[in-house]
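I have placed the structure first, in the form of structure tokens, so that the comments after it can refer back to it.
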Amino acid sequence: MGSFQALRGTRDVLAPEISYWQWVEQVARQQFAQAAYQELRTPIFEETALFARGIGEATDVVGKEMYTFPDRKNRSLTLRPENTAGVVRAYIQNKLAAQGGVQRLWYTGPMFRYERPQGGRQRQFHQLGAEVIGSKDPRADAEVIAIATDLLKQLGLTTLTMDLNSVGDASDRQAYRQALVDFLTPYKDDLDADSQDRLTRNPLRILDSKDKRTQEIIVDAPSILDHLSPESQSFFDRVQQLLTDQDISFTLNPRLVRGLDYYTHTAFEIQSSDLGAQATVCGGGRYDGLVEQLGGPATPAVGWAMGLERLMILLQKLHAPPSSPMDFYVVSRGDGAEAQALKIAQALRRQGFATELDLSGSAFGKQFKRADRSGAVACLVLGDSEAESNTVQLKWLQSGEQITVNQSTLLEDAASLRQQVTQARSTHSG
RNA sequence: GCGAGCGUGGCCAAGUGGUUAAGGCAGUGGAUUGUGAUUCCACCAUUCGCGGGUUCAAGUCCCGUCGUUCGCCCCA
């Protein structure tokens with residue numbers, strides 16, 4: 001072959017699809033700004049130990065999905081598989097706690113996990129995430145969830161469902177873990193192989209096994225919700241109440257267990273039925289122990305992350321790509337005219353008009369055909385005679401009306417030109 | 001990491017061992033060397049993801065490999 005191709009599980013995002021990405025970023029940026037969240041950008045690779053300690057040694061992500069490599073000084077580095085650990089590291093390192101109060105943060109960027117690629121799952125994928133660090137108020141949970149649901153709604157995704165659970169605090173979990181192990185041990189031989197393995201390592205994960213027989217057994221298993229301390233229970237009740245007050249609907253799912261060890265109390269997932277096996281679009285929850293776990297002061301926190309590739313799959317099914325149509329298409333022929341055409345195109349752009357310049361030098365007929373297809377509202381035509389008289393033909397493509405304008409006066413009244421463009425466009429679409 | 005399916009030009013494809021590899025869309029040039037439609041003409045795969053094998057003969061069968069899709073797994 002001899003040519004290169006993007007590595008397995010990575011891909012290029014090109015023209016029509018990219019506009020969905022830009023749209024999502026724009027909507028998110030605006031929403032976060034309105035809610036007083038600051039964007040932060042953290043490095044794409046970090047010390048391996050950050051993830052191992054933050055996410056948990058026993059998790060699948062750390063155990064078998066990380067891109068880990070030695071650098072030239074033989075330090076173990078890892079391409080971030082998620083960004084909460086990195087954000088918390090940044091919070092600690094930059095002493096954001098010292099600023100007092102609550103830190104509201106958001107980010108977007110690539111993440112890396114070595115998994116078998118599948119629809120909605122790549123090795124390099126992108127997340128958009130929000131973290132609220134420094135508040136133990138259940139309103140923080142409700143706010144951060146509301147921002148996620150509002151964002152999705154604003155993107156037109158209205159058929160998503162949310163599962164909600166509480167995994168309690170560390171001691172609730174400890175007690176529940178024991179109860180679960182006690183319950184499952186007699187059935188050990190009937191569990192699927194993965195679940196048997198998890199019985200000692202990470203028993204809570206057995207709850208979302210998809211194995212039929214395991215599921216039958218789990219039906220009667222004790223529920224985490226029966227093992228919450230009174231404090232955890234009332235916290236969870238409050239979160240639910242706050243969500244209901246905002247008309248955010250959810251389904252209580254006591255078997256929802258998140259795969260990363262740092263979660264405490266609130267856990268939630270937003271899912272779509274249009275994504276096959278990779279149904280989760282957004283997932284998150286509270287992680288009150290993580291800041292301390294990573295060497296900072298004991299600090300409560302909540303957050304979530306959205307999978308952008310999955311979001312794009314849904315958006316592409318839902319609507320046509322958001323387009324940004326051209327205002328002008330500049331057609332020219334002949335040396336003098338072509339040079340003037342470039343100058344005019346740049347002048348229009350400086351005034352804020354979206355302007356495409358035809359560089360083909362082909363016959364006017366061909367250029368007009370392209371002008372038509374470009375979606376531009378108007379066409380500017382320069383040939384030898386225009387070049388000589390320093391004029392330009394302004395042709396409105398919808399009506400076919402064409403007038404001669406002096407090049408120097410074309411942009412004299414940009415506001416009125418803008419108005420004409422807007423009007424021509426609205427009669428076109430109306 | 002495991003299982004199954006698929007891989008023909010930029011896109012959608014026909015083709016199921018006997019050939020010169022259909023067709024459509026898009027693109028480029030021309031009929032029309034200064035005006036968008038339609039129409040017409042021409043060009044656009046020495047080759048069927050890649051490598052090897054079987055056969056007189058392979059896009060078609062076999063093996064390997066790469067990619068991709070679906071499920072498991074995992075999670076966003």
Side-chain angles (χ1 to χ4, degrees), chain A residues 1-11 14-16 55 59-66 81-84 108-129 148 192-195 197-198 202 205 208-212 256-260 263 268-272 275-285 303-314 329 331-334 337 358 360-376 378-387 393 395-402:
Chain A
M1 232 215 212
S3 61
F4 294 105
Q5 61 183 317
L7 290 163
R8 172 164 228 209
T10 70
R11 68 196 194 99
L14 316 166
I55 299 170
T59 60
D60 290 283
V61 169
V62 170
K64 48 191 187 194
E65 295 175 2
M66 294 204 299
E82 57 96 60
N83 204 27
T84 299
T108 185
M111 310 293 159
F112 306 83
R113 291 184 200 172
Y114 194 95
E115 296 182 274
R116 180 79 165 253
Q118 204 173 309
R121 186 170 80 187
Q122 293 168 225
R123 291 181 172 178
Q124 174 174 338
F125 62 104
H126 297 76
Q127 289 187 334
L128 173 71
D192 61 280
D194 282 331
S195 295
D197 190 41
R198 287 190 175 122
N202 201 349
R205 301 282 310 147
D208 51 30
S209 168
K210 279 178 195 154
D211 182 80
K212 267 210 183 82
L256 172 65
V257 180
R258 320 239 47 252
L260 313 183
Y263 286 110
F268 73 98
E269 275 184 17
I270 298 173
Q271 288 151 343
S272 163
L275 289 172
Q278 313 303 325
T280 302
V281 177
C282 176
W304 49 254
M306 278 184 199
L308 294 182
E309 281 78 5
R310 293 180 190 179
L311 207 52
M312 301 312 153
I313 292 170
L314 296 176
Y329 191 96
V331 155
S332 59
R333 205 140 197 232
D358 193 306
S360 69
S362 51
F364 277 107
K366 300 284 182 193
Q367 295 196 47
F368 273 98
K369 205 173 283 186
R370 289 192 204 98
D372 202 32
R373 289 180 194 177
S374 75
C379 193
L380 292 168
V381 191
L382 287 101
D384 293 336
S385 54
E386 287 80 11
Q393 301 291 330
K395 177 171 184 174
W396 298 96
L397 287 165
Q398 174 66 8
S399 63
E401 182 194 345
Q402 179 171 324

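So you know, we letter chains A, B, ... as the sequences are listed, proteins then strands, and number each from 1.
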Q.
If you compare all heavy atoms of A/Q402 against all heavy atoms of A/Q393, which two are closest, and at what distance to 0.1 Å?
A. NE2-OE1, 3.0 Å
**Q.** Those residues that, when tested against A/K64, pass salt bridge (charged side-chain N to carboxylate O under 4.0 Å, His left out) (two or more places apart)
**A.** A/D60
Q: Go through the structure and list residues passing side chain to side chain donor-acceptor pair (under 3.5 Å) with A/Q367, not counting sequence neighbours.
A: none
Q: Can you tell me which stems involve RNA chain B, if a stem is defined as three or more consecutive Watson-Crick or G-U wobble pairs, both distances under 3.5 Å?
A: B:1-7 with B:66-72, B:10-12 with B:23-25, B:27-31 with B:39-43, B:49-53 with B:61-65
Q: Would you please name every residue forming a side chain to side chain contact (heavy atoms under 4.5 Å, CB included) with A/A363, sequence neighbours left out?
A: A/R333, A/K366
Q: Determine the interatomic distance between P on B/rG59 and the same-named atom on B/rC48; round to the nearest Å.
A: 7 Å
Q.
So if I take every side-chain heavy atom of A/A277 and compare against B/rC72, B/rC66, B/rG34, which nucleotide ends up nearest?
A. B/rC72
**Q.** Strand-adjacent residues in residues 108-116 of chain A, judged by heavy atoms under 4.0 Å from RNA chain B
**A.** A/R113, A/Y114, A/E115, A/R116
Q. Which part of the nucleic acid, if any, lies within contact of A/G361, taking any heavy atom under 4.0 Å across all strands shown: a base, the sugar-phosphate backbone alone, or nothing?
A. nothing
Q.
I'd like to check the salt bridge (charged side-chain N to carboxylate O under 4.0 Å, His left out) partners of A/D192; sequence neighbours left out, ordered by chain and number.
A. none
Q: Under 4.0 Å between any heavy atoms, over every strand shown, what does A/G400 touch: base, sugar-phosphate, or nothing? Just pick one.
A: base
Q. Residues in salt bridge (charged side-chain N to carboxylate O under 4.0 Å, His left out) with A/D208, at least two apart?
A. A/R205
Listing, residues 304-312 of chain A side-chain donor-acceptor contacts under 3.5 Å, not counting sequence neighbours, or none:
{"from": "A/W304", "atom 1": "NE1", "to": "A/V144", "atom 2": "O", "distance (Å)": "2.7"}
{"from": "A/E309", "atom 1": "OE1", "to": "A/H126", "atom 2": "N", "distance (Å)": "2.8"}
{"from": "A/E309", "atom 1": "OE2", "to": "A/H126", "atom 2": "N", "distance (Å)": "3.3"}
{"from": "A/E309", "atom 1": "OE2", "to": "A/H126", "atom 2": "ND1", "distance (Å)": "2.7"}
{"from": "A/R310", "atom 1": "NE", "to": "A/G120", "atom 2": "O", "distance (Å)": "2.8"}
{"from": "A/R310", "atom 1": "NH1", "to": "A/T280", "atom 2": "O", "distance (Å)": "2.8"}
{"from": "A/R310", "atom 1": "NH2", "to": "A/G120", "atom 2": "O", "distance (Å)": "3.3"}
{"from": "A/R310", "atom 1": "NH2", "to": "A/Q278", "atom 2": "OE1", "distance (Å)": "3.2"}

(Q) Looking at A/Q127 and A/G129, would you say the former's side chain and the latter's main chain have a donor-acceptor pair under 3.5 Å? (A) no
Q. Considering only side-chain heavy atoms of A/P117, which listed nucleotide, B/rU68, B/rC73, B/rA76, is closest?
A. B/rU68
(Q) Tell me the interatomic distance from A/Q122, atom CD, to B/rU68, atom C1', rounded to whole angstroms. (A) 12 Å
Q.
What is the separation between atom NE2 on A/H126 and atom C1' on B/rA76, rounded to the nearest whole Å?
A. 13 Å
**Q.** Qualifying residues under salt bridge (charged side-chain N to carboxylate O under 4.0 Å, His left out), relative to A/R370, sequence neighbours excluded
**A.** A/D358
Q) At under 4.0 Å between heavy atoms, what does A/Q271 touch on the DNA or RNA strands: base, sugar-phosphate, or nothing? A) nothing
Q. Can you find a donor-acceptor N/O pair under 3.5 angstrom joining the side chain of A/K64 to the base of B/rG1?
A. no
Q. NA contact type, A/Q393, heavy-atom cut-off 4.0 Å: base, sugar-phosphate, or nothing?
A. base
**Q.** Short side-chain N/O contact to B/rG67 OP1/OP2 from A/R8, under 4.0 Å
**A.** yes
Q. Can you check the A/L382 CG to B/rU35 P distance for me, whole Å?
A. 16 Å
Q: Classify the nucleic acid contact of A/Q118 as base, sugar-phosphate or nothing, counting any heavy atom under 4.0 Å across all strands shown.
A: base
Q. Roughly, in whole Å, what's the span from CE in A/M306 to C1' in B/rA76?
A. 10 Å
Might you list the N or O atoms of the protein lying below 3.5 Å from N or O atoms in nucleotides 9-11 of chain B, with each pair's distance?
none

Q. What distance, rounded to whole Å, do you find between the two C1' atoms, one in B/rG15 and one in B/rU47?
A. 14 Å
Q) Which part of the nucleic acid does A/G383 contact within heavy-atom distance under 4.0 Å: base, sugar-phosphate only, or nothing? A) base
Q.
With the stacking rule set at 5.5 Å and 30°, tell me whether A/F364 counts as stacking on B/rU35.
A. no
Q: Determine whether any donor atom in the side chain of A/Q402 lies under 3.5 Å from an acceptor atom in the base of B/rU35, or the reverse, and answer yes or no.
A: yes
Q. Rounded to the nearest Å, what distance is computed from the CG atom of residue A/D208 to the C1' atom of nucleotide B/rC72?
A. 14 Å
Q: Would you indicate what A/Q278 reaches in the nucleic acid, counting non-hydrogen atoms under 4.0 angstrom: base, sugar-phosphate, or nothing?
A: base
With 3.5 Å as the limit, what N/O pairs link the protein to nucleotides 27-29 of chain B?
{"from": "B/rG27", "atom 1": "OP1", "to": "A/R373", "atom 2": "NH1", "distance (Å)": "2.2"}
{"from": "B/rG27", "atom 1": "OP2", "to": "A/R373", "atom 2": "NH1", "distance (Å)": "3.1"}

Q) Mapping A/A6 and A/D194 onto RNA chain B by nearest heavy atom, which one lands closer to the 5' end? A) A/A6
Q) Counting only side-chain N and O atoms of A/K369, is one of them less than 4.0 Å from OP1 or OP2 of B/rA37? A) yes
Q) Which heavy atom of A/L382 sits nearest a heavy atom of A/A337, and at what distance? A) O-CB, 3.5 Å
Q. What does A/L260 touch in the nucleic acid at a heavy-atom separation under 4.0 angstrom: a base, only the sugar-phosphate, or nothing?
A. sugar-phosphate
Q: Taking atom C1' in both B/rU16 and B/rA58, compute the distance separating them and give it to the nearest angstrom.
A: 12 Å
Q) With no angle test and no hydrogens, is the base of B/rC70 tied to the side chain of A/R121 by a donor-acceptor pair under 3.5 Å? A) no
(Q) Under 4.0 Å, heavy atoms only, any strand: does A/V381 hit a base, just the sugar-phosphate, or nothing? (A) base
Q: With RNA chain B as reference, determine whether A/T10 or A/G365 sits nearer its 5' end, using the nearest nucleotide of each.
A: A/G365
**Q.** Rounded C1' spacing from B/rA14 to B/rA45 in Å
**A.** 15 Å
Q.
Expressed as a whole number of angstroms, how long is the span from A/F368:CZ to B/rA37:P?
A. 11 Å
Q: When you get a sec, tell me which of B/rA76, B/rU33, B/rC72 is the closest nucleotide to the side chain of A/R333?
A: B/rU33
Q: Give A/G120 one of three labels, base, sugar-phosphate or nothing, depending on what nucleic acid heavy atoms sit under 4.0 Å from its own.
A: base
Q. Who are the side chain to side chain contact (heavy atoms under 4.5 Å, CB included) partners of A/I313, not counting sequence neighbours?
A. A/L275, A/K317
